[in-house]
Protein chains: 2
Amino acid sequence: MAVKRGAGDEVVTTTPATAAPDLDGPAVRERARAIPEAAVARLAVYLRVLSGMVDGGVTTISSEELSAAAGVNSAKLRKDLSYIGSYGTRGVGYDVEVLVSHIERILGLTRKHSVAVVGIGNLGHALANYGGFPSRGFPVVALFDVDDDLTGVPVGGIPVSHIDEIEQVCASREVSIGVIATPPPAAQAVCDRLVSAGVQCILNFAPVVLQVPDHVEVRKVDLAVEMQILSFHVARRADEASAEQAANGMVNGVGVEGVVIRP
Amino acid sequence: MAVKRGAGDEVVTTTPATAAPDLDGPAVRERARAIPEAAVARLAVYLRVLSGMVDGGVTTISSEELSAAAGVNSAKLRKDLSYIGSYGTRGVGYDVEVLVSHIERILGLTRKHSVAVVGIGNLGHALANYGGFPSRGFPVVALFDVDDDLTGVPVGGIPVSHIDEIEQVCASREVSIGVIATPPPAAQAVCDRLVSAGVQCILNFAPVVLQVPDHVEVRKVDLAVEMQILSFHVARRADEASAEQAANGMVNGVGVEGVVIRP
DNA sequence: CCGACTTTGTGCACACGTTCACAAGCGGTA
DNA sequence: TACCGCTTGTGAACGTGTGCACAAAGTCGG
Ligand SMILES: NC(=O)c1ccc[n+]([C@@H]2O[C@H](COP(=O)([O-])OP(=O)(O)OC[C@H]3O[C@@H](n4cnc5c(N)ncnc54)[C@H](O)[C@@H]3O)[C@@H](O)[C@H]2O)c1
Ligand SMILES: NC(=O)c1ccc[n+]([C@@H]2O[C@H](COP(=O)([O-])OP(=O)(O)OC[C@H]3O[C@@H](n4cnc5c(N)ncnc54)[C@H](O)[C@@H]3O)[C@@H](O)[C@H]2O)c1
């Protein structure tokens with residue numbers, strides 16, 4: 001993998017910048033947003049697929065193949081890639097390694113992002129032991145808990161620190177991403193401490209809405225919400241099926257399974 | 001009042017080869033009055049907030065208060081609620097319990113959705129032990145793993161079954177949601193077996209793109225992707241900051257991190 | 001060197017989601 | 001009852017994201 005030197009090149013249009021004078025209304029928004037958030041999420045998926053391809057010895061790939069592997073529309077894939085520049089060859093496809101390096105650059109993965117996990121319970125243990133983070137450029141460098149029985153105990157190779165050391169430890173270990181895996185009532189307080197320790201990105205597993213300053217980015221993973229979305233689809237499907245059956249006046253068992261719909 | 005139709009518009013990254021499912025007329029597609037997916041996700045959040053309010057003794061709440069608690073715009077909240085009907089009182093607000101019951105109805109939570117977890121490793125243990133699922137109407141009724149040392153061992157009160165029993169057990173316990181927490185290489189095979197067992201909803205933690213039939217709903221939770229999105233924001237922010245500094249001809253070390261920008 | 005073929009990159013139209021703004025409706029009050 | 005202030009519900013404007021379809025740009029065989 002060729003590490004490209006600085007020499008900014010033309011480089012994508014990170015900031016169109018054409019229309020500088022914008023609305024500086026009451027709510028101060030960030031500047032022109034370059035890449036749609038949805039596209040960023042997909043770029044991360046493409047990167048994972050491409051990494052697997054590199055390992056498999058693939059050197060070139062077309063948008064059709066890559067989009068199939070990533071589970072998206074090929075037009076969407078090409079549009080997503082166009083946000084980061086034109087690195088394909090018409091009639092041929094994309095050089096896998098080139099694409100990987102450019103996506104990594106855009107996602108900011110040329111830099112390591114140190115992670116701290118707060119709340120070393122069931123979930124915290126799993127996260128601390130997970131090898132998928134360090135291998136993708138997100139080394140876990142600190143663990144925190146209030147439980148005195150846990151402090152000092154190594155989990156995943158890292159000793160747990162007491163929550164009261166959070167500001168000091170986060171600063172000294174240059175933590176840039178904080179993961180909250182505490183019970184819900186403690187989440188906001190932990191979040192506040194992370195913020196005051198200078199952490200600007202937070203991944204929150206506790207089912208609570210966190211209040212943070214504008215400059216802090218929060219993403220939440222709420223499994224109950226995921227379940228409920230699935231539940232919604234089940235219900236909708238059941239509604240449709242029953243409506244259809246009512247319309248047809250017919251009861252037709254669908255192949256796979258005998259799903260019993262209670263009247 | 002809201003005339004709600006079945007609305008048969010699924011989509012979700014279907015294969016391009018899908019034959020036209022609805023031949024109701026190529027021109028008009030007016031029937032779909034479904035609830036936007038994004039709104040469904042938020043409804044689940046509102047539900048959680050409202051449940052907390054019920055416990056807190058709150059009986060009535062305005063869109064302004066609820067939206068603040070849920071971290072969204074009040075107009076968006078009202079629009080989201082309007083998808084499920086008109087249950088507010090103008091000049092007063094919403095009755096909390098009424099709202100809870102209607103959201104639960106729409107999300108299909110009047111029915112219990114039994115959950116099976118496959119892959120009882122680090123993450124699987126955490127999920128099996130998590131009390132947040134049963135309490136929200138998602139009882140975990142089955143656990144599966146290939147590891148013979150695990151089969152029979154109770155985790156979170158449920159003995160682990162061997163993966164080979166998956167079809168039989170899922171059917172007999174009426175599993176409607178399958179959770180995949182196996183290593184990535186095993187995920188697709190596990191998914192296929194869940195589908196053949198009649199499971200129509202899957203929550204996937206393995207970082208792979210699952211291929212499923214159209215009638216199966218998949219949601220993925222990819223923590224590495226979440227991290228990378230955060231990383232992207234860090235990078236973008238650094239870019240902006242450096243651009244601004246360059247414009248000002250000033251170099252200012254920002255507290256948290258020493259981002260070195262090559263000239 | 002040319003022409004056939006392949007695949008990218010993108011303009012455009014459309015669908016979806018968000019936000020604004022305000023009439024309609026309700027409870028309380030005189 | 002008539003008025004008033006408050007909050008909902010929603011039409012419409014607006015912004016964002018998606019998908020189509022095709023010209024541009026490249027490769028390859030002759
Ligand atoms: N376990 C899961 O699979 C799962 C799934 C979805 C969501 N969650 C959420 O993740 C969070 C953690 O879940 P869990 O199952 O690991 O819970 P847990 O009770 O097993 O662990 C919580 C840990 O946080 C620690 N803690 C409590 N207060 C703290 C504080 N102020 N500062 C630092 N540490 C503190 C506790 O000592 C404990 O070790 C919860 O909010 C839960 O709702 C968990
Ligand atoms: N641990 C985490 O915090 C974390 C975070 C994000 C994603 N993930 C993903 O979740 C998955 C599980 O992670 P983990 O840390 O629990 O892994 P793990 O290795 O601890 O556990 C995996 C379990 O799956 C079982 N298994 C393997 N093949 C199986 C099969 N064919 N059928 C049934 N069970 C099988 C193994 O016996 C093992 O018990 C992985 O795909 C991982 O990438 C984990």
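Sequence lines set the chain letters: A, B, ... in the order given, protein chains first and strands last, and positions in each chain run from 1.
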Please evaluate residues A:T110 and A:R105 with respect to the criterion side chain to side chain donor-acceptor pair (under 3.5 Å), reporting the C-alpha separation (whole Å), side-chain torsions for both, the decisive distance (0.1 Å), and the verdict.
CA-CA 6 Å; A:T110 47; A:R105 175 175 54 81; over 6 Å; no
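- The OH atom of B:Y46 sits 13 Å away from the P atom of D:dT8 (whole-angstrom rounding).
- Rounded to the nearest 0.5 angstrom, B:S74 OG and B:E65 CD are separated by 11.5 Å.
- Distance check, rounded to the nearest 0.5 Å: CG of A:L81 to OH of A:Y94 gives 4.5 Å.
- As a whole-Å value, the separation of A:E37 CD from D:dG17 P is 9 Å.
- Whole-Å rounding puts the B:Y83 OH to D:dG9 C1' distance at 12 Å.
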Between protein and nucleotides 24-30 of chain D, map the contacts as a letter string: B base, S sugar-phosphate only, - none, heavy atoms under 4.0 Å, written 5' to 3'.
BBBS---
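- Going from atom CG of A:D80 over to atom P of D:dG19 covers 10 Å, rounded to whole Å.
- Residues B:L43 and B:Y83 fail the side-chain proximity criterion, which asks for heavy atoms closer than 4.5 Å.
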Residue pair B:R111, A:V234: steps toward the side-chain contact (heavy atoms from CB on, under 4.5 Å) verdict:
CA-CA 10 Å; B:R111 210 186 126 205; A:V234 174; 3.5 Å; yes
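- Of all the residues in residues 94-102 of chain B, not one reaches under 4.0 Å from DNA chain C with any non-hydrogen atom.
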Take B:D80 and B:V72 through the side-chain contact (heavy atoms from CB on, under 4.5 Å) test and state the conclusion after the steps.
CA-CA 11 Å; B:D80 288 343; B:V72 302; 5.8 Å; no
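- Not a single donor-acceptor pair under 3.5 Å links the side chain of A:H113 to the backbone N or O of B:L230.
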For the pair B:N73 and B:S67, evaluate side-chain contact (heavy atoms from CB on, under 4.5 Å) and give the outcome as yes or no after the intermediate values.
CA-CA 6 Å; B:N73 183 307; B:S67 66; over 6 Å; no
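- Side-chain atoms of A:K79 and base atoms of D:dG19 include a donor and an acceptor less than 3.5 Å apart.
- Residues of residues 63-78 of chain B that place a heavy atom closer than 4.0 Å to DNA chain D, in numerical order, are B:S63, B:R78.
- Salt bridge status for B:R219 with B:E37: present, with a side-chain N to carboxylate O gap under 4.0 Å.
- The side-chain heavy atoms of B:V96 and B:T60, taken from C-beta on, include no pair separated by under 4.5 Å.
- Taking CD from A:E217 and SG from A:C201, the interatomic distance works out to 6.5 Å, rounded to the nearest 0.5 Å.
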